[in-house]
Amino acid sequence: MDMTTNNKPGLHPGGGGSAADDLFTFAEYRHAQAEFTASTEYSYWRSVWRNFLRNKPAVIMSFVFIILFIFTFVAGVIGNYRYDELRPDNKLIFLFPNDEFWFGTDNLGRDYWSQVWYAAQTSIKLAAIVGVGEILLGVVIGLVWGYVRSLDRFFTELYNVVNNVPTIIYMTLIALMVGQSFLIMAVSLICFGWLPTARNIRNMVFIYRDREYNLASRCLGTGLWRILWRNILPYLISVVVLRLALSIPSTIAYESTLSYLGLGLDVNTPSLGILLRNARSYFLDFPYLLIFPAVIVSVITITFYLVGNAFSDACDPRNHL
Amino acid sequence: MKRIFALLLTLAMMLSLAGTAFAEPITDFVTYQTTANEMETFNILYSQYAKELDVLTNCIDGLLSNDNYGNLVPGLAETWETLDGGLTWTFNLRKGVKWVDYQANEKAEVVAEDFLWGLEWVLNEKKNLAANMSMPSEMLVGAQEYFDYTKELPEADALALGLEKFQEMVGIKAVDDYTLVFTCKAPMPYFATLGSYNCLYPVSGKLLAELGAEGMKAVSYDTLWYNGPYTMTTYVQNNEKVLTKNPTYWNKDIQTFNTVTVKMVDSVDIAFQMYQTGELDNVTLNEANLQTIYRSPSHEFHNHLNEARPTKYSYQIHLVYDKKLEDGSPDVAWNTAIANEAFRLSWYYGMDFTNYLGRINAINPLNCTNYCYTAANLVATSDGKDYVQHVMDLIGLQPSSETYTRFDAEKGAAYKQQAMEELSAKGVTFPIQMDYYVQGSNQSALDTAQVLKQTFIDCLGEDYVVMNIKTFVNSLIKEVRAPQLASFYINGWGADYGDPINYLGQETYGKDNAFYSSAYSKIDLATDEDLIAQYKEFTALVDAAAAINDDLDARYKAFAVAEAYMIEHALVIPLYVNISWQLTGVNDYSKIFAAYGIQNNRYINWETNKQGYTTEDYVNFAKVYEENRK
Amino acid sequence: MLLYTMKRLLQSIVTVLLVVTIVFLLLRLLPTDYYFTEEQLIKLTDQQRHDQLAAAGLLDSPFVQLFRFYEDLANLDLGTSRRIQHGVPVTQVIGGKFLVSMRLGLISLAISLFLGVVMGVLQARYKDKFGDHVGTAYTVFVNAVPTLITYSLVLVIGARLFKLPSMYSVRNVARSSILPVVCLSLTSTAGYMLWTRRYMVDELNKDYIKLARLKGLSSRKVMYRHVLRNAFVPLAQYLPYSMLLTIGGSLLVERFFSVPGMGTLLTDAISRYDTSIVQAVVILYASLGVLGVFLGDVLMTLIDPRIRLTSKGNTR
């Protein structure tokens, strides 16, 4: 833009002129402003965060969960009984919650409060580790699987083979030959949990893989990982986040099923799954044995659903305005 | 005055009659079983578990049966006798008994030869895979030899075997169509009691001819032939089975249901739901149900709580005398400790098992006390005194419903002190670690183990012993017993026939057929001389008693002496009998109740009430039962 | 396309064989003691056990056994069951069971698919309004409460209030199937709702929808003609797989209501080491699974022409 001429008829800087002079003023030249092309500074994650915060229920639930998580550590300390010091007592069995036993007692007369909170700690730990591991493994494998055609066959075979052998067989063999412990359970669950995520990601990659902008990228010679990370993954974020959110409660449920079959955690490691399984026989008569662990599991599940959904919605760039 | 009295009496009688008139007997009995106990086979000769035997006992009759006091009564055999002190036994079969198919169509007659076919099947290693052969092979002439013979044959030949070779070798003869003679290896006064056990059951020769050996192995409810009070008309695996009254059954004097439906449920709490909606006629209560009903007098079932009769099993703590650690090396500390008598006696006197018994019977724990190794009701001396009572007289203990009479804190502490001194001198460090194994998926067993652990802590102290609860996944035998990893087992034994040798013979030293010795206690591998001496003494007493064949009373008294010796030296520690609580419309005292055999679950002559019996009713039943005992 | 189909089918057969071989070898990893019942381990001497195993061909090297297994398979002989139903051919054992499971499964699949998709669409339509929250509450509730508890509650309510039979019964199939189908549908419906909503919401945010709205297309046309069709594509992927796997039955529901189906067969067979049943069931599940995945891929391409399964016309 040529600003140094004033050969526009009828326009004199600072000069006098007709009444039209009042309608127009000269714009000043600023170099930085001239180069400016976008309207506002946009940071994806900050937008996501802001969007997420707008969803009140989700924010409230995440607070609730954080408080719950901290409380699992605090509760053991403030309770009347230490978890390691619990002992069976025939005279105290099946007591409803009262002043001394805040959550009542179980079928052996042991304090339920300490049991529930200690189990919650274990379950949350296990679910978190397994969830993160599953997602990492699943996303990486899913992306490669869906994008690199030559590997599609290999991964499909691998998926089919691992998926079609009933997990029970693996879990029984592992339990018999390797043993049962927290670490073993976490590793085994991750090793079998990546499958549905990978498959889901692979299907979505299929959908986006051959869009024109990807063809363009390939033509331009963009590297594999950059395409995956920058072109395709952003479309998948909402799905990934939802999967992560859902894997946490499903790990807790799956661990409960495994305990039901005797393949779960070591008998000395309590977990919400085990408490729920035991409560099943008693809950119609003594509902509190079920209600307390179920409420905690429900709070965890609800939190991750709401937060997951809200975060998922927030991750969609079209919501960022 | 007299008239008023007579009037009142008549009124009372009418009221009580009205009460009984209101008791409506059940015609179509509906009961349940858990799916874990579903049948795996329909061949009664192959079956070794209650899950099949409890059903098949209604379908097929054997030589003998029992009554509700445990006495032997005629079955397919009208009379039986031994004329030479138990060396040969003759059974005279009744005539005109028919084999029918599952819809009660007649197929053939029951003849003596059927029992030969049955025993041949049991002793043929390729046909029956050694199931149920241990007793016939111990007792009958030539049985073990025939078994070994079939073992050597190739499979096809063994399956094709008929009765020729069998009759040559084995001591059983069908003198004519209705007379059966058994020849025992040695005089066995109790051989007849084996007649109610499935190893001597018949199978029709004609059925075998029709199905062939392979077909017989896979026999199902619709291809099986029946001669019992019921036939199975419906069978859906893991869902339900229906037994229908057999109209051709030989015994017209008994009372049966029209149909018996057994519904398979996943667990007892579902069964309780079904009892509440009227879909079942009886249910055993789990801990939670029992507590709820018991605590609340206004509960609809509060007055219908009934204690079941004790099951036929007697449970003990089996101590392991040769234990290994997980790396395969011997657990020297434990092996040394358990060989020490004072150590064992500190358990015997020093442990108050009341809390443990509370896990079995929450309301009357002390009803479950068991101070003897042998189960009650097995045999009695001719004066009517039960064998178990003899043993208890000898050891000087009587069970009480007030306290756990065996517990003696002073003696326990004294023996503990003695044990600690003697064992420390041998270099054993305290506390001694004990490993107890429970199945990982069995929460109830885990809970009971916790209570036991607490009992050890409370009674003997953690400075003395520490009980470690460990788990196995699926198989006790493969994961625990074979590698000898446990310090002790808690197990129960039910008799197979009516003689104390069936119990005591499992614990003897140096014998192949002593089941508990070889499978659990491993006493034959122990090295401690004092321990071995005690076991040898015990075994000698048992052998001496077993040799008495002419005088049953003397025999039983001698066994009692042997058993008292074993208990007083705490070689095995008796623990409990199983008594559960139930809601039921069946009078358990009217059922067959024998300490051995497979007859106990026959649905015949049951006194029933559709409304369910009250606690009062049951107390009455128990009284009447005891009064009518002789 | 036809060529691709043939290729995929061949690959599927290879996969199934691979799976079966792996399971076969895995089972052989267990010590031979597992073939015997507890009673037999007690009663038989080592020599007898050895002889029985040799006679059944179980002592040969795993590869010899594998070869023999494939030989039998070629003759369509799947062996006989050792524990579940002693001596009965495997095909007979499985035969009756899978029809039962399939019937219950297909009914509940139809119900939950219909309800789930419809409610998911409605949820997306009324996003963030009351209806959406109610739907989310339902989904969350069903997933938060452990399934066994949900089933117990359904059983108690159904049996006491509605007087429905507590147990599946062959003699009263229609009435006694109600509670099991309700239980099966409860969880599947929630699943379909959740994912339908997710995919619909993702589609709704796309630009072409904004354009359609601007053009004045009615909400209904937008929803069903455009959004649902696109959102359905990822859902369609799983449909054939789910349908085929209804044969497998649901372990928990079948256990709970004593349904005599396939669901419990696998776990029972594994815990009792009835290897012939385990192998036959694995062959069945593997074949169905692979077939289902393949059909799902084909269905996906049929619905969405932009997806190409073959590599024709692409650079990588």
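In what follows, chains carry the letters A, B, and so on, assigned in the order in which the sequence lines appear, proteins first and then strands, with residues in each chain numbered from 1.
Considering only heavy atoms from C-beta on, Pro260(C) comes within 4.5 Å of Val236(B) through its side chain. In this structure, the side chains of Asp266(B) and Glu254(C) stay at 4.5 Å or more apart for every pair of heavy atoms. Between Asp268(C) and Thr35(B) the shortest side-chain heavy-atom distance does not fall below 4.5 Å. Here the side chains of Asn239(B) and Val259(C) are not in contact, with every heavy-atom distance at 4.5 Å or above.
For Thr261(B), the part sitting under 4.5 Å from any heavy atom of chain C is the side chain, from C-beta outward, and nothing else. Looking at Ser169(C), both its backbone and its side chain come within 4.5 Å of chain B, counting heavy atoms on both sides.
The candidate from Ile270(B), Asn513(B), Thr41(B), Thr234(B) with the greatest count of non-hydrogen atom pairs under 4.5 Å with chain C is Ile270(B). Of the listed residues (Ser220(B), Ala218(B), Ala36(B), Pro154(B)), the one with the most heavy-atom contacts under 4.5 Å to chain C is Ala218(B). Chain C forms more heavy-atom pairs under 4.5 Å with one residue of Met39(B), Gln276(B), Met216(B) than with any other, namely Gln276(B).
The structure places CD of Glu279(B) at 3.5 Å from OG of Ser166(C), a figure rounded to the nearest 0.5 Å. To the nearest 0.5 angstrom, Lys263(B) atom NZ is 14.0 Å from Tyr168(C) atom OH. Taking CE from Met167(C) and CD from Glu240(B), the interatomic distance works out to 5.5 Å, rounded to the nearest 0.5 Å.
Distance alone, capped at 3.5 Å, places no donor-acceptor pair between the Thr277(B) side chain and the Arg160(C) backbone.
For Tyr70(C), the OH atom is densely surrounded, since the number of other residues' heavy atoms within 6.0 Å is greater than 12.
Partners of Gln237(B) according to the side chain to side chain contact (heavy atoms under 4.5 Å, CB included) rule, which considers only residues two or more places apart in sequence or in another chain, are Glu38(B), Tyr235(B), Ile84(C), Gln85(C), Lys97(C).
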